[in-house]
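The chains referred to below are lettered A, B, ... by the order of the sequence lines, with proteins before strands, and numbering in each begins at 1.
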Number of protein chains: 2
Amino acid sequence: MEDGTSPTPGYCADTDADYDVAQWDAREGCEVRQILDRVADKWSLLVIALLERRTLRFTELRREIDGVSQRMLARTLRHLERDGLVSRTVYATVPPRVEYRLTDLGGTLHETIKSLVTWTEAHQSEIAGARAAYDRRAAAEQADAERAAAERDRIARDVLSGRR
Amino acid sequence: MEDGTSPTPGYCADTDADYDVAQWDAREGCEVRQILDRVADKWSLLVIALLERRTLRFTELRREIDGVSQRMLARTLRHLERDGLVSRTVYATVPPRVEYRLTDLGGTLHETIKSLVTWTEAHQSEIAGARAAYDRRAAAEQADAERAAAERDRIARDVLSGRR
DNA sequence: CGGTATCCCCTAAGATACTG
DNA sequence: CAGTATCTTAGGGGATACCG
């Protein structure tokens with residue numbers, strides 16, 4: 001059963017106990033970490049966004065998402081279901097029909113996620129700019145280092161040829 | 001130079017063009033995806049949270065975080081710096097002194113992230129409950145399946161022994 | 001002190017095949 | 001249709017060693 005979260009209870013360690021940054025911990029067992037991992041994984045966000053619009057069947061989701069493998073979609077849905085963010089309803093028809101919909105809890109998470117998306121949209125040009133600037137600096141330093149290396153080589157060669 | 005983001009421009013595809021869920025895309029080159037990956041990686045969030053309090057040096061961060069390798073901390077900081085979320089200042093003293101601080105952009109991201117953390121804290125009991133319920137159901141189904149399998153085995157044995 | 005370079009391992013995700 | 005089981009591969013991340 002390809003386990004999801006580790007079976008150990010493991011609360012947020014809170015070892016330093018001075019304030020709540022310790023709660024944003026990277027160690028396993030931390031709620032924040034786990035939800036973040038869920039939200040950030042490759043497909044969950046897209047599934048949540050799609051289900052927020054309307055109930056969808058497995059195959060509909062698969063078609064809509066494009067690029068997701070059957071395995072990953074199934075896994076993603078199991079995770080979301082386990083966390084109570086998505087509900088799964090099986091209709092005993094033939095062929096079988098399984099519907100997924102966002103729970104109320106999932107809906108509130110979607111609201112929260114939207115603020116992150118909004119932030120990203122609002123700042124994407126700043127980020128792009130920062131990246132361009134960083135890459136320019138990096139390229140310049142790289143070029144500098146290469147010039148210096150070439151210079152050292154030249155000097156070394158001169159010394160050697162002088163010796164002969 | 002262990003590259004960060006792919007060099008291809010690759011905007012959010014927006015192929016369907018009907019509305020913005022397509023923008024939350026999982027394909028590479030999507031801003032939302034990239035920021036999400038940054039936020040969600042193992043250490044970035046913790047670094048941002050720590051730097052939001054005050055400027056810190058490399059070693060201070062390393063001590064504070066506990067568990068992070070030198071390599072991963074350096075990588076994380078380079079990424080955050082490239083995205084313009086953290087600034088890096090080198091003081092040409094001896095021994096060298098390098099200070100990291102959150103930029104204004106990083107600060108606004110921190111605000112946004114906090115709402116996600118708040119959501120998590122507000123709903124962790126619901127999530128825990130959902131998980132417990134899910135695991136109970138799964139365990140029950142598992143037990144059922146095993147009972148059924150045992151039953152089939154028994155019948156099969158009976159049939160075979162009757163045949164002899 | 002503040003890194004980068006190298007090696008290596010292990011897990012997460014993809015491809016493929018099979019089932020109720 | 002809606003999955004699970006199995007195999008394989010890519011890369012995230014740790015340990016270690018070395019450099020300015």
* Asked: Does the distance from a Lys or Arg side-chain N to an Asp or Glu carboxylate O, for D135(A) and R131(A), drop under 4.0 Å?
  -> no
* **Of the listed nucleotides dG3(C), dA5(D), dC1(C), the one nearest the side chain of R78(B)** => dG3(C)
* Taking only the side-chain heavy atoms of Y100(A) (C-beta and beyond), determine which of dA13(C), dG3(D), dG14(D) contains the nearest atom. => dG3(D)
* Step by step, work out the salt bridge (Lys or Arg N to Asp or Glu O under 4.0 Å) result for E81(B) and R78(B). => CA-CA 5 Å; E81(B) 189 195 355; R78(B) 284 310 82 76; 3.5 Å; yes
* Asked: Considering only dA15(C), dT6(C), dA17(C), which nucleotide approaches the side chain of Q70(A) most closely?
  -> dA17(C)
* Structure fact -> When rounded to whole Å, the CD to C1' distance for the pair E81(A) and dG3(D) reads 13 Å
* Report the nucleotide, chosen from dG3(D), dG14(C), dG14(D), that has the shortest atom-to-atom distance to any side-chain atom of S69(A). => dG14(C)
* Can you tell me the distance, in whole Å, between the CD1 atom of I65(B) and the C1' atom of dG2(C)? => 15 Å
* Can you tell me how far P of dG12(D) sits from CG of D37(B), to the nearest Å? -> 9 Å
* For R97(B) and E99(B), run salt bridge (Lys or Arg N to Asp or Glu O under 4.0 Å): C-alpha distance rounded to whole Å, both residues' side-chain angles, the deciding distance at 0.1 Å, then the answer. => CA-CA 7 Å; R97(B) 178 184 187 82; E99(B) 284 191 345; 3.2 Å; yes
* To do: Measure the distance from CG on L73(A) to P on dC1(D) and round it to the nearest whole Å.
  => 14 Å
* May I ask you to evaluate whether W43(A) reaches the phosphate of dG14(C), defined as a side-chain N or O under 4.0 Å from OP1 or OP2? => yes
* Asked: Between dG14(D), dG3(C), dC1(C), which one does the side chain of R57(B) approach most closely?
  -> dC1(C)
* Asked: Which whole-number value in Å describes the distance from H79(B) NE2 to dG11(D) C1'?
  -> 12 Å
* Apply salt bridge (Lys or Arg N to Asp or Glu O under 4.0 Å) to the pair E60(B) and R63(B), showing each step before the final yes or no. => CA-CA 5 Å; E60(B) 289 175 323; R63(B) 254 198 309 275; 5.2 Å; no
* What's the CZ-P distance between R71(B) and dT4(C), to the nearest Å? -> 11 Å
* Given atom CZ of R75(B) and atom P of dG11(D), what is their separation to the nearest angstrom? -> 12 Å
* Out of dA15(C), dG14(D), dC1(C), which has the shortest distance to the side chain of P96(B)? -> dC1(C)
* **Polar side chain donor-acceptor pair, R75(B) to Q70(B), under 3.5 angstrom** => no
* To do: Just compare dT6(C), dC1(D), dG14(C) and give me whichever is closest to any side-chain atom of T59(A).
  => dC1(D)
* **Whole angstrom value for the distance that separates P of dC1(D) from CG of L61(A)** => 14 Å
* Does R88(B) put a side-chain nitrogen or oxygen below 4.0 Å from OP1 or OP2 of dG2(C)? -> no
